[in-house]
Amino acid sequence: MEIERIICDRTRAIDASGIRRVFQLGRDIPDKVDLSIGQPDFPVPDNVKDAAIRAILEDRNGYTLTQGVPELHERVGLHLAEDLGWPADSGRAGSDVGTIVSTGTSGALHIAFLAILGQGDEIIIPDPYFVAYPHMAKLCGANAVRCPVYPDFRMTAARVEPLMTKRTKAVLLNSPGNPSGVVNSTKECNELLELCRSKNVLLISDEIYDEFTFEDAREETGRPGLGKRCPSPARVDRAWEDVLLVRGFGKTFGCTGWRMGYTSGPRPLIEAMSKMQQYSFVCAPTPLQWGCLETFRTDMTAQVEQYRQRRDMVVERLSKVTEIVKPGGAFYVFAPVPKKLELTSREFFERALAKKVLIIPGDVFSDRDTHFRLSYAVADSVLEKGLDVLEELMRG
């Protein structure tokens, strides 16, 4: 059979993930230093694993409601009330706020895009961006309009507004960002939501790294007893009417392979997304939903502090050879290739690969080819070895 004949144009329009290509490329390289994949290097906490195992052994292995296990739903609603000031009944029947437990944050974004984007519609995304954003839009027949956020990687209302048209359905904010790790300020978040409200446009806030925000990027919320948190447009008064909040468990608790997240926002939108989930993922994995319920009783402060120290190491080392924008969260640095080298990020990647160091070239995340992403989600000894090579290469 001529298989190429039956592959449709939609599939041909989508490129394979550049991150996965690097992952495959480095798979058979012995003694490599892998600074490419954004996956925490700490184990899933024992109490979280135990809760998932217990669910399996107790035969809680069947389908759940499309929206998720009621107990997890209720706990997510309580967390949103505590953290954001959203209604205490968020996610429950009759609430103005809907919630879906999703198959990762990518699954949440996928069903959100399917629910709101049609042929010719537009969604504004930052550039650089998480690799899936433009392709998710393309799958819907829509256009992901790039908002250049160089050199400081901050997606602001002033940068977004000129890109808005009658076709704009949504703006996507990712803070802390991938690939940059940069955290928008409270002021920037609030101004972006104000702009979206004035244009009758949905603001999607992808906050997969919200718990992975370092102390120097956190800000006071103004809510008694809450202290400093990652800034979010979802804390604005009645934000649940105009914000689709996307959060997850994989990055914070080391369970990326579980594919677990949740999304909350205006009930009519969540109900539309629920239909998309019914005919795609059906429901998130049942035993792992019970495992994620335990995460709300789990403190990851020590792990985040360890990553803050690694961040400082990377910034201190690479600042000697290039201009670094200090990340406020996640576990990435998006560094420019020194201009004196006269190399694209792809060419620099190839030089690093020849030294058995894996990074991600910047054109995977951007229409520009000037930076590379380094993930410091590795042991300190591995990180130091990789930085030795990169620093040498960047000195030329």
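Positions are given from 1, in the same order as the sequence printed here.
For the pair K251 (side chain) and G38 (backbone), a donor-acceptor distance under 3.5 Å is present. In terms of modelled atom types and a separation under 3.5 Å, the side chain of S319 and the main chain of E316 share no donor-acceptor contact. Without hydrogens or angle criteria, K169 side chain to I116 main chain gives a donor-acceptor distance under 3.5 Å. Formation of a donor-acceptor pair under 3.5 Å by the T213 side chain with backbone atoms of G329 is not found in this model. Checked by atom type and distance alone, the side chain of R346 never pairs as donor or acceptor with a backbone atom of D369 at under 3.5 Å. Side-chain atoms of R159 come within 3.5 Å of backbone atoms of R154 as a donor-acceptor pair (strictly under, hydrogens ignored). Under a 3.5 Å cut-off, the side chain of W86 and the backbone N or O of A234 do form a donor-acceptor pair. Using a distance-only test at 3.5 Å, with no hydrogens or angles considered, no donor-acceptor pair links the side chain of E294 to the main chain of A51.
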Report task. Mind running side chain to side chain contact (heavy atoms under 4.5 Å, CB included) on L172 and I123 for me, showing each step along the way? Result -> CA-CA 7 Å; L172 203 168; I123 180 170; 4.3 Å; yes
**Report entry** Steps toward salt bridge (Lys or Arg N to Asp or Glu O under 4.0 Å) verdict (R197, E194)
**Finding:** CA-CA 5 Å; R197 282 175 161 172; E194 183 180 352; over 6 Å; no
Query raised in the report: Would K199 and E161 satisfy side chain to side chain contact (heavy atoms under 4.5 Å, CB included), going step by step from the backbone distance to the final call?
Result: CA-CA 9 Å; K199 301 291 187 179; E161 186 170 16; 4.0 Å; yes
**Report entry** Verdict with reasoning, L226 to R235, per side chain to side chain contact (heavy atoms under 4.5 Å, CB included)
**Finding:** CA-CA 12 Å; L226 192 59; R235 287 197 184 86; 4.3 Å; yes
Report task. Apply side chain to side chain contact (heavy atoms under 4.5 Å, CB included) to the pair H371 and Y150, showing each step before the final yes or no. Result -> CA-CA 11 Å; H371 290 57; Y150 293 90; 3.6 Å; yes
Query - Derivation and outcome, ring pair (Phe, Tyr, Trp, His ring centres under 6.0 Å), residues F249 and Y262 - result: CA-CA 9 Å; F249 303 95; Y262 64 89; 5.8 Å; yes
**Report entry** Intermediate values then yes/no, salt bridge (Lys or Arg N to Asp or Glu O under 4.0 Å), K187 and E191
**Finding:** CA-CA 6 Å; K187 182 174 183 290; E191 288 175 349; 2.6 Å; yes
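Note that the OG atom of S36 and the CZ atom of R373 stand 7.5 Å from one another [nearest 0.5 Å]. Here CD of Q309 is found 8.5 Å from CE of M313. Values are rounded to the nearest 0.5 Å. The distance from atom OG1 of T322 to atom NZ of K340, rounded to the nearest 0.5 Å, is 9.5 Å. The OG1 atom of T263 lies 4.5 Å from the CD1 atom of I270; values are rounded to the nearest 0.5 Å. Taken from CG in L109 to CE in M136, the straight-line distance is 5.0 Å, to the nearest 0.5 Å.
V325 and P151 get closest at one heavy-atom pair: CG2-O, 3.3 Å. Among all heavy-atom pairs drawn from G248 and I208, the shortest one is CA-CD1, 3.8 Å. Taking all atoms of both residues into account, the shortest heavy-atom contact from A239 to L193 is CB-CD2, 4.3 Å. Summarising the geometry of A142 relative to L117, their closest heavy-atom pair is CB-CB, 3.9 Å, with the distance given to 0.1 Å. S90 approaches P87 most closely through the heavy-atom pair OG-O, 2.7 Å. Residues V171 and M155 come closest through the heavy atom pair CG1-CE, 3.8 Å.
The number of heavy-atom neighbours closer than 6.0 Å to NZ of K320, taken from other residues, nucleotides and ligands shown, is above 12. The environment of CD in Q278 is crowded: more than 12 heavy-atom neighbours from other residues, nucleotides or ligands sit within 6.0 Å. When the shell of 6.0 Å around CD of E58 is examined, it contains more than 12 heavy atoms from other residues, nucleotides or ligands. Within 6.0 Å of the CG atom in N200, the count of heavy atoms belonging to other residues, nucleotides or ligands does not exceed 12.
Considering I100, V243, T99 in turn, T99 is the only one that fulfils the side chain to side chain contact (heavy atoms under 4.5 Å, CB included) rule with S264.
Salt bridge present: R12 and E4 bring a charged side-chain N and a carboxylate O closer than 4.0 Å. Ion pair E305/R308 flagged as a salt bridge, since at least one NZ, NE, NH1 or NH2 atom sits closer than 4.0 Å to an Asp/Glu carboxylate oxygen. Ion pairing between a basic and an acidic side chain is recognised when a charged N comes within 4.0 Å of a carboxylate O; K385 and D388 show no such pairing. The residues E347 and R351 are annotated as not salt-bridged, no charged nitrogen and carboxylate oxygen being separated by less than 4.0 angstrom. In this structure, R395 does not pair ionically with E392, as no charged nitrogen and carboxylate oxygen lie closer than 4.0 Å.
At least one side-chain heavy atom of E211 sits under 4.5 Å from a side-chain heavy atom of R229. Side-chain contact between L65 and C283 is absent, with no heavy atoms from C-beta onward closer than 4.5 Å. Inter-residue side-chain proximity for P285 and R259 is flagged as unmet; no heavy-atom pair is nearer than 4.5 Å.
In summary, the aromatic rings of F331 and Y209 are positioned with their centroids under 6.0 Å apart.
Side chains of D127 and S366: a donor on one and an acceptor on the other come within 3.5 Å. In this structure, a donor-acceptor pair under 3.5 Å is present between the side chains of N47 and T298.
Taking T168 as the reference, E122, I124, M164, T165, V201 meet the side-chain contact (heavy atoms from CB on, under 4.5 Å) condition, with sequence neighbours excluded.
Taking hydrophobic clusters as Ile, Leu, Val, Met, Phe, Trp and Tyr residues chained together by side-chain heavy-atom distances below 4.5 Å, V183 does not share a cluster with V314.
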